[in-house]
Amino acid sequence: MSGPQKSSKRFAEVVAHPNIALAKYWGKRAGEGNVPATPSLSITLSGLSTRTRVTFDPNLREDKVTLGGRVLSGPAQRRVAFVLDEVRKDVVSPQFAEVSSENDFPTASGLASSASGFCALTLAAVTAAGLSWEQSRVADLARRTSASSARSFFSGFAELVPDGATARAAQIAPKDHLPLGVLVCVTTEEQKSVSSGDGMKRVAERSPFYAAWVEFAARSFKEMRGALLEKNTLRLGELVEENALAMHATGLPAGVIYLKPETLRVLETVRTLRASGVYAYATMDAGPHVKVLVLPDSNEAALAALTATPGVLRVISAEPGDGARVVAEGEA
Ligand code: DP6
């Protein structure tokens, strides 16, 4: 349905949180449409936020996009323009937009900033345009830009499952389903050198393990989903760490190596914690940071050990959080 046609400036502001994949999306199905090759399962995190404001303005002659106060250009700007163009297709008198986005955590370093960023951008653009799209349609547009962003629409635990030429995102369980905590061990403030999209493309083309990964990932997702719904936290933790290590192992022969010496040091701390009976399981995305799953009774010991691990710059405490939401909208 088309939105109201106004000549004044209209804005919307959205807060979204990153999500971390417990079962990873890593690889795309052949063809157009950005469809994941593997099903994924995630936790949307409190404690880390993206805030994005989109203003459609009849006086603008081009889109203006800033991230953390810096003007975006090149491929990053084109991905944003894709979302805005798709929204403008549904508007009778399309206008250019001013987009400003801020993260309160390192951008593009494997802390899922693209997930919260494209989720917030898409919801803000659709809202500012006055369109009454179903949530599934908004999430699907975000998914076509950055697939993991479709999961950040949902609070708690979410999934993204490939389905023919598309993929469906949905909530699996609410945020209070399990008392899990996530200790995000930040190991660098720098941006990653290989984006997720480029990394997965290279792995699919060059890794001798890629086909085995895709087959493993489907099984791992299914079992993990079951363990989550049964509240089997021990099995869940084992599957989470195995899934992450399998993803990273698949990249090694293709030269797609996100793990750094400090990543391995954190993994060693996690293994030592477990050996002493402390619940702690690690996962890493397309970057060197480590996110450690903990329970209320393991949180304190794990936080102390992780903070003391050489190479860990700081530890952010997060837990299952809220989905994306519009925090302000109206005439600018
Ligand atoms: C390792 O969603 O960033 O974080 O669709 O190309 O934008 P694009 O990729 P993206 O990949 C995320 C990869 C991952 C695992 C995950 O979040 O499932």
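Just so it is clear, the structure is predicted and the values come from calculations on it, not from any experiment. Just so you know, ligand 1 is whichever comes first in the structure, and atom 1 is the first atom listed for that ligand.
Taking only nitrogen or oxygen atoms, main chain and side chain alike, Ala147 reaches within less than 3.5 Å of ligand 1. Inclusion of Trp26 in the set of residues having an N or O under 3.5 Å from an N or O of ligand 1 is not warranted. Remark: ligand 1 and Tyr25 share an N or O pair separated by less than 3.5 Å (distance only, no angle test). Annotation: Arg151 places an N or O atom under 3.5 Å from an N or O atom of ligand 1; distance criterion only. Here's the thing with Asn19: none of its N/O atoms is less than 3.5 angstrom from an N/O atom of ligand 1.
Those atoms of ligand 1 that come under 4.0 Å of a heavy atom in Ala21, given as number and element, are 16 (C), 17 (O), 18 (O). Proximity to Asn34 (heavy-atom distance under 4.0 Å) selects the following atoms of ligand 1: 5 (O). The ligand atoms of ligand 1 that sit less than 4.0 angstrom from a heavy atom of Lys28 are 5 (O), 6 (O), 8 (P). Within ligand 1, the atoms closer than 4.0 Å to a non-hydrogen atom of Ser114 are 3 (O), numbered from 1 in the order shown.
The proximity of Ser146 to ligand 1, defined as any non-hydrogen pair under 4.0 Å, involves the side chain as well as the backbone.
Taking all atoms of both residues into account, the shortest heavy-atom contact from Gln171 to Ser155 is NE2-O, 2.9 Å. Heavy-atom minimum distance, Pro162 versus Pro36: CB-O, 3.4 Å.
Applying side chain to side chain contact (heavy atoms under 4.5 Å, CB included) to Val99 and the options Thr66, Thr55, Leu84, Asp63 leaves one that passes, Leu84.
Lys9 has no carboxylate O lying under 4.0 Å from a charged side-chain N of Glu331, or vice versa, which leaves the two without a salt bridge. A salt bridge links Glu13 and Arg51; the closest N-O separation between the charged side-chain nitrogens and carboxylate oxygens is under 4.0 Å. Salt-bridge formation is not detected for the pair Asp140/Arg137: no Lys NZ or Arg NE/NH1/NH2 atom is positioned less than 4.0 Å from an Asp or Glu carboxylate oxygen. Arg202 has no carboxylate O lying under 4.0 Å from a charged side-chain N of Glu205, or vice versa, which leaves the two without a salt bridge.
Heavy-atom distances between Arg143 and ligand 1 stay at or above 4.0 Å for every pair. Remark: distances from the non-hydrogen atoms of Arg79 to ligand 1 include one below 4.0 Å.
Geometrically, Arg274 does not engage Tyr279 in a cation-pi contact, judged by NZ or CZ lying under 6.0 Å from the ring centre and within 45° of the ring axis.
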